[in-house]
Number of protein chains: 2
Amino acid sequence: MTEVEKGPKGRRRGRGARERILSASQQLFREQGINRTGMDQLCAAAQVSKRTAYQHFTGKDELVAEYLRRFDPSVLSGVFDRTDLTPRERLLAAFDVPPTTPLCPYIGAAVELHDPQHPASQYARDYKKAVAARLADTAREAGAADPEQLGEQLALLIDGAAARTRVLNADAFPTAAAIAAVLIDTAIPATAGDDRRREEVSS
Amino acid sequence: MTEVEKGPKGRRRGRGARERILSASQQLFREQGINRTGMDQLCAAAQVSKRTAYQHFTGKDELVAEYLRRFDPSVLSGVFDRTDLTPRERLLAAFDVPPTTPLCPYIGAAVELHDPQHPASQYARDYKKAVAARLADTAREAGAADPEQLGEQLALLIDGAAARTRVLNADAFPTAAAIAAVLIDTAIPATAGDDRRREEVSS
DNA sequence: TGTTATGTACACCGATCTGTGTGCTTACGG
DNA sequence: CCGTAAGCACACAGATCGGTGTACATAACA
């Protein structure tokens, strides 16, 4: 994301069209959706000739898949890596999404593409599973009785908030966070590795 | 759904093309999505001439909106009207979706259309609010401390299960039901309208 | 029976979509 | 400075999209 100069194959050649294409994808696919964004418009926004785009990507499908792969997962990794928070706080922090966040592109892609076999759909599936797994890890760290279950539950809450926000056009994450708090308190024995014991996980 | 003979305006004229169109919409929009279903294909499936379709609907947008309005809400109303269940059981029954259910068309429409102003998007919003309201009513009946909050929470769980099922291609409703059980038990004072000892601890 | 709403058949429109073919320019690295 | 890979401009192909125009058929009801 930060590096715009690295060429496609590592060798620094040309003027980094690929990065511009992916950058434009981020913006347009999220603003307008995938199906409503044509390659012409995308190339224009990226200031890249259409020919060049199709030299970097065999087709729109591949571009969409790469767009999902490149989607900045800062919300995710940024939360799980915060060592200044207790595991329990980290679980809750996953619901602190700035209200400006457009909305989960993975759900959008899965719905828009509508084909579970599509590479992007498969990646979306993998990503969602990975999130649940990381939540489960953190839940285990927090001392949850059944970390896998709690992880899956919290993941469902996040997706619910995302979907509901999209449909209602109103932020649903606070509601999800409230549910999460209940679930976490229920699943974690009161005595377990909780707040004040700032479990330094020692990096 | 059952009646195919009723004409568009009540008077029985012609051969009920409108119903066939809407019936085909139900199938195709859900199987393939809205954007991936062309009017040509839809008319062919409905065995209706394209001209006729555009005499009944001013455009695809109107058809989509009507498709959502006509979507059989049996899952919803069928649950809330069951007087054989206690309010608490009714709240939980909302998560007993047969695994064959294709998946919430309202979320699909909102994502695919991608325009909050689209009539179908507006209807989806209204519908989701109505569901939350009915859940809140039932929650009140069940003696919940904060029925509105519980209704909104359960609605979010349903949407989460729907979205997650779509992305993961695996039934997520059991997980949502488990969360719902926790929320309900937390929100309803033990002594409240939790009708006589019908408490079935099925899980 | 005749009138009229309803539906049909089918060609056709312009727009837009993904994707190519071709020939030219430019920047970079040796 | 030169060769080559990267990128560009732009027309175009073929499909599909939503939507219409026109002329004809038929079913329902008076």
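Lettering follows sequence order; numbering is per chain, from 1. All values reported here derive from a predicted model rather than from experimental measurement.
- Between the P atom of D/dA13 and the NZ atom of A/K50 lies a distance of 13 Å, rounded to the nearest Å.
- Atoms CD and CD, on A/Q122 and A/Q117 in that order, are 6.0 Å from each other to the nearest 0.5 Å.
- In this structure, A/E19 atom CD and D/dA6 atom P are separated by 14 Å, rounded to whole Å.
- Between B/F95 and B/F173, the distance separating the two ring centers is not shorter than 6.0 angstrom.
- In this structure, A/I21 places its CD1 atom 10 Å from C1' of D/dG7, rounding to the nearest Å.
- Phosphate proximity of C/dT6 to B/T52: absent, as no side-chain N or O sits under 4.0 Å from OP1 or OP2.
- Whole-Å rounding puts the B/D61 CG to D/dC17 P distance at 15 Å.
- A ring-centre distance under 6.0 Å is found for A/Y106 and A/F71.
- An OP1 or OP2 oxygen of D/dG7 is reached within less than 4.0 angstrom by a side-chain nitrogen or oxygen of A/H56.
- Phosphate proximity of C/dT25 to A/R51: absent, as no side-chain N or O sits under 4.0 Å from OP1 or OP2.
- Between the C1' atom of D/dG18 and the NE2 atom of B/H118 lies a distance of 12 Å, rounded to the nearest Å.
- Atom pair B/E112:CD and D/dC17:P shows a separation of 13 Å (rounding to whole Å applied).
- Across every non-hydrogen atom of A/L92 and A/A177, the tightest pair is CD2-O, 4.0 Å.
- Listed pair A/Y54 / C/dG19 meets the phosphate criterion, a side-chain N or O lying under 4.0 Å from OP1 or OP2.
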